[in-house]
Protein chains: 2
Amino acid sequence: MARTDDRFRLAYQDLLTVIAKAEIGSDLPPELTLAEQLNISRTTVRAVLTAFADIGLIAWEGRKKTILRAPSGQDKLAMRDEYLPRDELERRFLQWVLRFDVPAGTPLNVAKLAKEFSVPPHVLQEFLSGLSQFGLVARRPRGGWLLLGFTAEYAIELSEFRAVLELNAVRVLVALPPGHPIWAQLTALEAQHIDLAARIDRDFHAFSPLDEAFHSAITSVVQNRFVKQFQKVITLIFHYHYQWDKRMERDRNAAAIGEHLAIIHALRSGDEAAAVQAAAAHLRTSKETLLASLRGNALIAPE
Amino acid sequence: MARTDDRFRLAYQDLLTVIAKAEIGSDLPPELTLAEQLNISRTTVRAVLTAFADIGLIAWEGRKKTILRAPSGQDKLAMRDEYLPRDELERRFLQWVLRFDVPAGTPLNVAKLAKEFSVPPHVLQEFLSGLSQFGLVARRPRGGWLLLGFTAEYAIELSEFRAVLELNAVRVLVALPPGHPIWAQLTALEAQHIDLAARIDRDFHAFSPLDEAFHSAITSVVQNRFVKQFQKVITLIFHYHYQWDKRMERDRNAAAIGEHLAIIHALRSGDEAAAVQAAAAHLRTSKETLLASLRGNALIAPE
DNA sequence: TTTTTTGTATAAAAAAATAAAAAACAATAG
DNA sequence: CTATTGTTTTTTATTTTTTTATACAAAAAA
């Protein structure tokens with residue numbers, strides 16, 4: 001089979017439940033109506049109707065599609081084993097790359113990896129092509145892929161780029177008028193930070209989502225598709241790493257809370273230089289943490 | 001044929017010239033040596049040798065590959081019509097999108113476009129997948145591609161992003177020590193600018209490459225793979241537009257030269273604020289020019 | 001006996017072929 | 001004349017096929 005008939009099978013099931021709800025002897029609506037209801041093309045509707053006529057579920061002649069009997073369990077059509085959805089592939093691949101010590105420079109085998117992640121090869125191919133934009137993998141001159149890997153150098157450059165984007169966001173933010181919704185957002189975040197700081201000994205795990213919320217609030221003031229796109233990778237990678245590096249987690253998070261509060265304070269003051277300085281300090285810490293986690297996970301050799 | 005045998009044909013030709021230079025009756029080197037010489041795998045070498053044995057050019061038995069006769073014109077193997085190289089596709093596609101009024105939201109037909117640009121469909125597919133990273137095209141939920149197009153909004157966001165990156169570069173640059181090679185580079189560029197300014201009435205076309213050289217010199221001080229990657233698109237798009245918009249070209253370029261010189265001057269002074277200000281002014285002009293060229297080309301409706 | 005070279009098998013990537021689904025068009029019933 | 005169906009054409013997604021690369025074992029030469 002060249003192309004999966006998942007759409008057909010899905011439509012088959014859907015229409016079966018529609019018929020089950022309808023009365024025996026009644027007529028089905030026109031093909032176009034069914035197509036719109038099931039969100040498929042008329043071609044597929046007709047294929048399903050033909051199948052139903054074949055098993056004697058309906059009588060179909062011209063524009064009369066009469067239900068002959070209630071569908072039984074035998075009429076069901078099993079879905080063929082599905083592949084992984086795309087975001088699950090993303091998650092699993094990143095986990096594989098970042099988590100395990102896949103050394104930089106490893107050649108990737110599309111066919112084998114596709115099997116491993118149970119996706120069709122061309123899906124993996126496209127995924128890799130997307131990743132190559134972020135410099136995590138590269139196409140080899142004569143076919144094949146190379147895992148460039150998440151090296152210390154990569155982490156440094158990523159952190160620096162993050163700093164460029166985020167400091168820009170800070171500069172934009174301080175200049176925003178008091179009526180802008182971001183200020184209310186920051187006040188709410190401040191309260192959450194203070195709240196968490198009070199119970200940090202127990203709930204230091206709760207910091208990770210708060211960190212994400214804080215940074216995405218700040219960067220949200222820059223409405224730029226290019227910035228947003230990169231923000232996605234940055235969040236992804238930082239987020240993944242924080243999840244795994246459990247050393248000193250409590251102290252690290254406590255310190256970060258303090259830095260976040262300092263940034264909020266500086267932003268409120270309207271002093272651009274102060275705000276930039278506070279943000280830069282935090283980003284430096286963040287970079288160090290990322291690098292330390294790399295060394296800790298032995299992805300790179302300890303010095 | 002599933003895969004092109006270009007490699008085989010190329011190796012065939014290469015080995016033919018090797019044989020033509022060698023003496024009749026002499027033996028060819030081992031397969032591995034030939035493979036290394038021709039930069040192909042042994043499999044392909046063997047395929048070519050088999051072909052040569054078939055046409056009676058060599059006698060091949062075991063490790064003896066004796067040249068029987070000099071190759072004649074008939075022995076040549078024509079290359080099959082080649083597809084476009086990848087960068088030519090890039091050029092042509094961008095030209096098509098940016099130049100002609102392909103409206104935003106046009107669904108793209110991979111098969112048809114592939115024919116039009118004379119590339120295999122999967123090459124175009126991959127190319128589109130790359131472009132989707134820059135937000136010029138997007139994958140439709142149920143298969144197919146959508147041209148998001150080079151709208152005014154896109155141009156604005158691109159310009160802003162460019163400004164973020166370039167102002168960051170300027171901040172890095174002013175802090176560099178006097179011994180850094182960038183200063184010599186800037187001095188050379190300054191001379192070229194002054195030279196061009198003197199003969200701008202005639203040679204205003206020469207500005208485009210100089211502009212590119214100037215901006216890439218400034219951004220080169222930031223050694224960051226993410227920045228570099230975006231620089232590529234930015235250069236591409238700005239460059240394309242400048243090429244076509246011929247209105248006011250002389251005046252525009254003369255003004256830009258002045259702005260460039262002002263930036264160099266401010267950079268030399270070591271005053272960060274002044275340098276940023278000069279660069280920001282130039283980037284604003286640049287953005288306006290890009291937007292004006294969009295309106296001029298009627299890609300978007302004039303206000 | 002060791003090294004070099006070849007023969008064979010296996011694997012992988014790219015392009016063509018092909019089936020499914022969508023869209024367009026024409027015909028027909030109401 | 002409009003709404004719906006029948007039919008054909010396009011288009012996309014996946015599999016199959018073919019070419020190429022690599023790995024391993026066997027044989028020849030040093």
Side-chain angles (χ1 to χ4, degrees), chain A residues 1-12 27-36 38-51 60-65 80 83 107-115 119-126 128-129 139-145, chain B residues 1-12 27-36 38-51 60-65 80 83 107-115 119-126 128 139-146:
Chain A
M1 194 177 304
R3 194 175 156 163
T4 62
D5 55 355
D6 287 353
R7 276 190 93 57
F8 170 79
R9 282 162 195 271
L10 220 64
Y12 190 103
D27 284 354
L28 287 170
E31 294 169 9
L32 199 65
T33 314
L34 287 172
E36 273 164 15
L38 305 176
N39 200 29
I40 49 172
S41 75
R42 252 189 68 221
T43 309
T44 314
V45 170
R46 288 170 66 83
V48 173
L49 288 177
T50 307
W60 186 22
E61 212 178 301
R63 46 192 68 183
K64 252 200 144 35
K65 299 168 283 283
R80 299 185 320 147
Y83 285 123
L108 296 177
N109 183 323
V110 173
K112 201 185 280 175
L113 277 178
K115 226 178 274 170
V119 290
H122 77 275
V123 169
L124 188 73
Q125 191 98 14
E126 204 170 286
L128 288 177
S129 155
R139 200 175 247 304
R140 268 193 302 183
R142 211 148 73 229
W145 292 89
Chain B
M1 194 176 305
R3 188 177 157 163
T4 61
D5 52 359
D6 288 352
R7 274 189 96 55
F8 169 78
R9 283 161 194 271
L10 221 64
Y12 190 102
D27 283 356
L28 287 170
E31 296 171 6
L32 200 65
T33 313
L34 287 172
E36 273 165 14
L38 305 176
N39 200 29
I40 49 172
S41 75
R42 256 188 65 220
T43 309
T44 315
V45 170
R46 289 169 66 82
V48 173
L49 288 177
T50 307
W60 186 23
E61 212 177 303
R63 47 191 64 183
K64 256 203 141 35
K65 300 168 280 284
R80 300 185 322 146
Y83 283 123
L108 296 177
N109 184 326
V110 173
K112 202 187 280 176
L113 277 179
K115 226 178 276 171
V119 290
H122 77 274
V123 168
L124 187 73
Q125 190 98 14
E126 208 170 282
L128 289 177
R139 201 175 244 306
R140 269 193 302 183
R142 213 149 73 228
W145 292 89
L146 208 64

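Letters A, B, ... mirror the listed sequences (proteins, then strands); counts begin at 1.
- Rounded to whole Å, atom C1' of D:dA13 lies 14 Å from atom CZ of B:R140.
- One atom, CG of A:N39, and another, C1' of C:dA22, lie 12 Å apart when rounded to the nearest Å.
- A distance of 9.0 Å separates CG in A:L128 from CZ in A:R139, rounded to the nearest 0.5 Å.
- Side-chain to base pairing of B:R7 with D:dT20: no donor and acceptor N or O lie closer than 3.5 Å to each other.
- Contact record, B:P30 with B:K65: CA-NZ, 3.9 Å, taken as the closest heavy-atom pair.
- A close approach under 4.0 Å does occur between a side-chain nitrogen or oxygen of B:T44 and OP1 or OP2 of D:dA21.
- Nearest approach of A:A114 to A:P121, heavy atoms of both residues: CB-CA, 3.7 Å.
- The CG atom of A:L124 sits 13.5 Å away from atom NZ of A:K112, with the distance rounded to the nearest 0.5 Å.
- The residue A:L108 sits close only to the backbone: its heavy atoms come under 4.0 Å of sugar-phosphate atoms, none of a base.
- Residue B:A111 places its side chain closer to D:dT12 than to any other of D:dT19, D:dA13, D:dT12.
- Side-chain N/O atoms of A:H122 include one lying less than 4.0 angstrom from OP1 or OP2 on D:dT14.
- Rounded to whole Å, the distance from CD1 on B:I40 to P on C:dA13 is 19 Å.
- Taking each heavy atom of B:R7 and B:N39 in turn, the nearest pair found is NH2-O, 3.0 Å.
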For nucleotides 4-10 of chain D, which of its nitrogen or oxygen atoms have a protein nitrogen or oxygen under 3.5 Å away, and what is each distance?
{"from": "D:dT4", "atom 1": "O2", "to": "A:R63", "atom 2": "NH2", "distance (Å)": "2.9"}
{"from": "D:dT5", "atom 1": "OP1", "to": "A:K65", "atom 2": "NZ", "distance (Å)": "2.5"}
{"from": "D:dT5", "atom 1": "OP2", "to": "A:E31", "atom 2": "N", "distance (Å)": "2.8"}
{"from": "D:dG6", "atom 1": "OP2", "to": "A:R46", "atom 2": "NH1", "distance (Å)": "2.9"}
{"from": "D:dG6", "atom 1": "N7", "to": "A:R42", "atom 2": "NH2", "distance (Å)": "2.7"}
{"from": "D:dG6", "atom 1": "O6", "to": "A:R42", "atom 2": "NH1", "distance (Å)": "2.9"}

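- Checking the phosphate oxygens (OP1, OP2) of C:dA14, a side-chain nitrogen or oxygen of A:Q125 falls inside 4.0 Å.
- Across every non-hydrogen atom of B:L38 and B:A11, the tightest pair is CD1-O, 4.2 Å.
- Atom C1' of nucleotide C:dA14 and atom CZ of B:F8 are separated by 18 Å, given to the nearest angstrom.
- With A:V110 as the partner, the side-chain contact (heavy atoms from CB on, under 4.5 Å) test is satisfied by one option alone out of A:Q125, A:K115, A:H122: A:Q125.
- Rounded to an integer number of Å, the gap from CG of B:L124 to C1' of C:dA15 is 15 Å.
- Remark: C1' of C:dA19 and CZ of A:R3 are 9 Å apart, rounded to the nearest angstrom.
- Taking atom CG of B:L10 as the reference point, atom P of D:dT19 lies 16 Å away to the nearest angstrom.
- Residue contacts shown for B:L49 are absent, as no nucleic acid heavy atom lies under 4.0 Å away.
- Note: CG (B:D27) to C1' (D:dA29) measures 14 Å, nearest angstrom.
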